[in-house]
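Below is one structure, written out as structure tokens, with a few remarks after it.
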Protein chains: 4
Amino acid sequence: MPKINKAHYDARKKQIISAADTCFSNKGIHQTTMHDICRQAQLSIGAVYSYFDSKEQIIAQIAQEALKRNLEMISGVDKLTNSREKLFELADVFFGMLEETGDHSVRMDIGLWSAALINDEVHKAVLEIMKRHTEVFTKIVRAGQDKGEIDKSVKPESVAMVMISTFKGLVLQKGIYGKVDVQGYVDTIKKMMKGLLNEPQV
Amino acid sequence: MPKINKAHYDARKKQIISAADTCFSNKGIHQTTMHDICRQAQLSIGAVYSYFDSKEQIIAQIAQEALKRNLEMISGVDKLTNSREKLFELADVFFGMLEETGDHSVRMDIGLWSAALINDEVHKAVLEIMKRHTEVFTKIVRAGQDKGEIDKSVKPESVAMVMISTFKGLVLQKGIYGKVDVQGYVDTIKKMMKGLLNEPQV
Amino acid sequence: MPKINKAHYDARKKQIISAADTCFSNKGIHQTTMHDICRQAQLSIGAVYSYFDSKEQIIAQIAQEALKRNLEMISGVDKLTNSREKLFELADVFFGMLEETGDHSVRMDIGLWSAALINDEVHKAVLEIMKRHTEVFTKIVRAGQDKGEIDKSVKPESVAMVMISTFKGLVLQKGIYGKVDVQGYVDTIKKMMKGLLNEPQV
Amino acid sequence: MPKINKAHYDARKKQIISAADTCFSNKGIHQTTMHDICRQAQLSIGAVYSYFDSKEQIIAQIAQEALKRNLEMISGVDKLTNSREKLFELADVFFGMLEETGDHSVRMDIGLWSAALINDEVHKAVLEIMKRHTEVFTKIVRAGQDKGEIDKSVKPESVAMVMISTFKGLVLQKGIYGKVDVQGYVDTIKKMMKGLLNEPQV
DNA sequence: TATGAATGAGTCTTCATTCAT
DNA sequence: CATGAATGAAGACTCATTCAT
């Protein structure tokens with residue numbers, strides 16, 4: 001197994017995942033056949049099956065890719081010292097992403113939520129991402145409360161869940177409406193966040 | 001078709017939809033076969049097909065039923081005069097429902113979001129429900145702004161979308177986590193709403 | 001489920017098994033496709049699958065049918081009192097059957113031996129038939145020994161196994177050669193049996 | 001192709017056949033894939049296909065190897081002068097082999113019988129071996145009859161077939177039962193052979 | 001109208017075989 | 001000669017839908 005093969009192998013896998021990604025978000029996971037993926041990837045069925053054991057495995061892999069992409073968004077927020085800044089920064093990062101990204105990942109995400117209710121691997125991946133995001137938000141809120149910046153009467157975990165909801169909910173609405181006013185949405189959320197902050201409101 | 005048959009006809013339809021509802025939320029829409037529905041409804045395949053032309057149509061019908069159920073929740077909120085009360089009342093109604101309801105409708109909802117991306121009928125139904133909810137919230141917020149109770153710098157539509165997100169997002173998280181702390185969640189949202197209210201905070 | 005359905009159901013099952021029987025002995029079990037069986041049975045694939053869950057199950061059923069046919073051959077031998085007569089009678093019955101039967105059941109049998117090495121259900125059926133036959137022969141030999149008609153120095157079970165071998169071996173040779181001299185074969189076996197009998201040989 | 005390559009060529013072929021042999025008797029002929037054979041032989045698919053044109057050809061070759069092994073067993077029996085001794089010697093050789101050999105060749109043999117019904121090459125090989133064995137036995141019996149040692153009323157060919165049946169039948173029973181009492185079996189056969197011998201029985 | 005047996009297009013998956021490197 | 005990635009025909013099986021009774 002020379003190193004060329006390893007690179008080649010990875011490239012092919014990526015090629016297949018990418019094709020599957022396209023198909024899944026276009027037609028939905030269930031409506032996508034293995035032939036669809038092959039056609040999209042310009043590969044034969046046999047080739048695809050030599051990289052993945054089953055359609056299920058491809059779906060699981062896709063879920064994990066989405067997970068990875070989502071987690072990368074959060075990195076780098078921790079270095080900020082002020083709670084308000086951190087929360088606002090996170091809002092900008094999360095929602096900003098939604099404007100750049102096409103319908104593609106929005107449809108993919110919604111499809112995965114549904115798939116998670118059926119497929120264990122997918123559920124694991126989706127659960128993982130939610131937990132991680134929850135942890136990050138929870139930590140920020142807790143720190144803010146310790147420093148007296150954030151209202152101590154709210155549960156940090158609950159705040160985290162609401163934050164996540166505002167993001168996932170916007171994803172859903174973008175999926176259904178096709179187009180959404182992200183800027184207005186973010187402005188509103190920032191205003192609402194002030195309800196949690198102890199700082200003097202100018 | 002005499003009226004007696006009409007009653008019978010409606011009863012049968014309800015019976016089928018109810019069976020489909022159960023199956024869909026248990027196994028997912030795609031994993032449910034027409035035979036599953038027949039078994040659950042204690043009817044023959046032929047019978048089911050004399051009430052619905054296709055599985056698609058049953059799915060669409062289910063989406064509309066869910067729509068109806070959701071819309072009923074809102075009625076009666078308009079009679080309240082105070083914006084804060086209205087919003088808080090809505091929060092209680094919406095989220096309170098989530099505690100009573102089992103996983104059932106949660107799974108159904110998530111499944112429908114995904115189905116809406118594929119199936120036009122379902123999309124129409126889901127879109128309709130979102131629009132209606134948005135309208136109600138928008139109206140309340142706009143009224144509040146007119147009366148000076150709510151911060152005029154936010155877009156009423158955006159506030160509505162955030163409200164909807166907090167609900168849909170919780171549905172999603174309940175679907176994924178299995179169990180969620182609804183009370184803490186509602187408390188947090190109420191606190192955040194204050195960020196939008198101009199009233200003196202006691 | 002009216003009784004007509006039960007009769008219809010059984011008839012269809014028999015129809016399918018019969019078709020499978022034909023195909024299996026013509027082309028071999030592995031070379032026979034479900035489509036072959038359907039074509040032979042003049043039924044659609046869906047129809048066949050509503051009577052049998054899988055190809056494996058059809059194979060197992062075939063094995064059991066063969067088992068039943070084989071067991072019926074033995075019934076009625078026990079009423080004879082003399083050991084020599086019993087053994088000779090059994091030889092006539094067993095081998096006589098081979099002349100009547102076409103290549104069909106011979107090929108089927110050989111195929112099942114091989115299938116038994118792979119498929120558990122088939123193995124169970126083939127094992128069962130062998131055990132039953134062994135028991136019958138063993139009982140006869142043991143009774144003969146008790147009455148002093150048969151040489152006591154041989155193990156009854158071993159005699160039974162040899163008997164069975166002479167039958168299965170002839171099945172095999174008929175399968176391979178196509179045609180065999182059954183009469184000469186039976187004569188030889190009868191002569192050899194005398195080697196086990198204590199009676200005075202005229 | 002220089003001779004060194006010839007040696008190399010033969011070694012590779014043997015290596016492949018040996019691997020196939022192992023696989024076939026472990027999983028059955030049909031359940032064995034070309035990849036299984038390659039893995040077992042530690043060779044690439046391409047390599048295997050440069051020595052054999054197809055899987056069929058490997059199967060045929062295996063059948064011929066089995067043939068060769070079986071024929072070697074008989075050589076050397078002819079030098080004995082007494083018919084009884086010859087037959088007894090053959091019995092010892094044939095059945096003794098069964099005790100040494102593992103399930104391996106037993107499963108292989110049974111598989112080949114079944115394959116012979118389908119595959120012409122295999123059929124030719126199996127037929128050939130049976131004919132040769134029959135010839136040897138027939139010759140011995142005929143010689144015995146000429147010398148007055150064996151009952152002249154039996155057909156030599158039929159005796160030969162019975163002999164072969166006792167061996168093949170035991171192979172089958174070992175395959176199905178897993179374990180058999182070879183010694184008791186051989187004892188019984190020797191006793192039965194006396195039914196064919198004219199010699200005074202001590 | 002009700003039934004459920006029958007249909008068959010469509011799905012996932014396997015595996016013998018080829019061929020560019 | 002060797003390699004093993006790629007091919008794609010073929011197989012088992014599912015399930016929405018039809019239709020004779």
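Everything quoted here is computed from the prediction, not taken from an experiment. Letters go in sequence order (proteins before strands), and every chain restarts at 1. Hydrogens, waters and symmetry mates are skipped; everything else that's a heavy atom, side chains included, is used.
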Atom pair CE/CZ of B:M34 and B:F52 - distance to nearest 0.5 Å: 9.0 Å
Toward the 5' end of DNA chain E, which comes first, B:L43 or C:V48, by nearest nucleotide? B:L43
Does atom NZ (A:K13) have a neighbourhood of more than 12 heavy atoms from anything else shown, all under 6.0 Å? yes
Got a minute to check which stems DNA chain F is part of, using Watson-Crick or G-U wobble pairs under 3.5 Å, three or more consecutive? E:2-21 with F:2-21
Cut-off 3.5 Å, no hydrogens considered: what does the side-chain donor-acceptor table look like for residues 36-45 of chain B, sequence neighbours left out?
{"residue": "B:D36", "atom": "OD1", "partner": "B:R39", "partner atom": "NH1", "Å": "3.3"}
{"residue": "B:D36", "atom": "OD2", "partner": "B:K27", "partner atom": "NZ", "Å": "2.9"}
{"residue": "B:D36", "atom": "OD2", "partner": "B:T33", "partner atom": "N", "Å": "2.9"}
{"residue": "B:D36", "atom": "OD2", "partner": "B:T33", "partner atom": "OG1", "Å": "3.3"}
{"residue": "B:S44", "atom": "OG", "partner": "B:A47", "partner atom": "N", "Å": "3.1"}

Between A:Y9 (OH) and F:dA6 (P), how many Å, whole number? 11 Å
E:dG8 P sits how many Å from C:Q42 CD, rounded? 13 Å
Minimum heavy-atom distance D:A116-D:V126, with the two atoms named: CB-CG2, 4.0 Å
Hits for side chain to side chain donor-acceptor pair (under 3.5 Å) against A:T22, two or more places apart or cross-chain, chain-then-number order -> none
To the nearest angstrom, how far is B:D36 atom CG from F:dT14 atom P? 13 Å
Reckon A:H8 has a side-chain N or O less than 4.0 Å from the OP1 or OP2 of F:dA6? yes
Does any donor atom in the side chain of C:H104 or C:D21 lie under 3.5 Å from an acceptor atom in the other side chain? yes
Compare side-chain N and O positions of A:R12 against OP1 and OP2 of F:dA6 and report whether any pair is under 4.0 Å apart. yes
Rounded distance (Å) that lies between atom C1' of E:dT18 and atom OH of D:Y51: 18 Å
Scan C:F52 against the nucleic acid and name what it touches under 4.0 Å (heavy atoms): base, sugar-phosphate only, or nothing. nothing
Can you see which heavy atom on A:I129 is nearest to which on A:A66, and at what distance? CD1-O, 4.2 Å
Quick one: which of F:dT3, E:dT3, F:dG8 gets closest to the side chain of A:S44? F:dG8
Separation of F:dA6 C1' from A:I37 CD1 (nearest whole Å): 18 Å
Report the distance from atom CD1 of A:I29 to atom P of E:dC12, rounded to the nearest whole Å. 13 Å
What's the CD-P distance between C:Q57 and F:dA12, to the nearest Å? 15 Å
For nucleotides 13-17 of chain E, tabulate all protein N/O to nucleotide N/O atom pairs closer than 3.5 Å, reporting atom names and distance.
{"residue": "E:dT13", "atom": "OP2", "partner": "A:Y49", "partner atom": "OH", "Å": "2.6"}
{"residue": "E:dT13", "atom": "OP2", "partner": "A:K55", "partner atom": "N", "Å": "3.0"}
{"residue": "E:dT13", "atom": "O5'", "partner": "A:Y49", "partner atom": "OH", "Å": "3.3"}
{"residue": "E:dA16", "atom": "OP1", "partner": "D:K55", "partner atom": "NZ", "Å": "3.3"}
{"residue": "E:dA16", "atom": "OP2", "partner": "D:M34", "partner atom": "N", "Å": "2.6"}
{"residue": "E:dT17", "atom": "OP2", "partner": "D:Y49", "partner atom": "OH", "Å": "2.8"}
{"residue": "E:dT17", "atom": "OP2", "partner": "D:K55", "partner atom": "N", "Å": "3.0"}
{"residue": "E:dT17", "atom": "O5'", "partner": "D:Y49", "partner atom": "OH", "Å": "3.4"}

Looking at residues at least two apart in the chain, or sitting in another chain, which of them share a side chain to side chain donor-acceptor pair (under 3.5 Å) with D:T32? none
Partners of D:D10 by side chain to side chain donor-acceptor pair (under 3.5 Å), sequence neighbours excluded? D:K6
Length of the CZ-C1' vector between C:R39 and E:dT7, whole Å: 16 Å
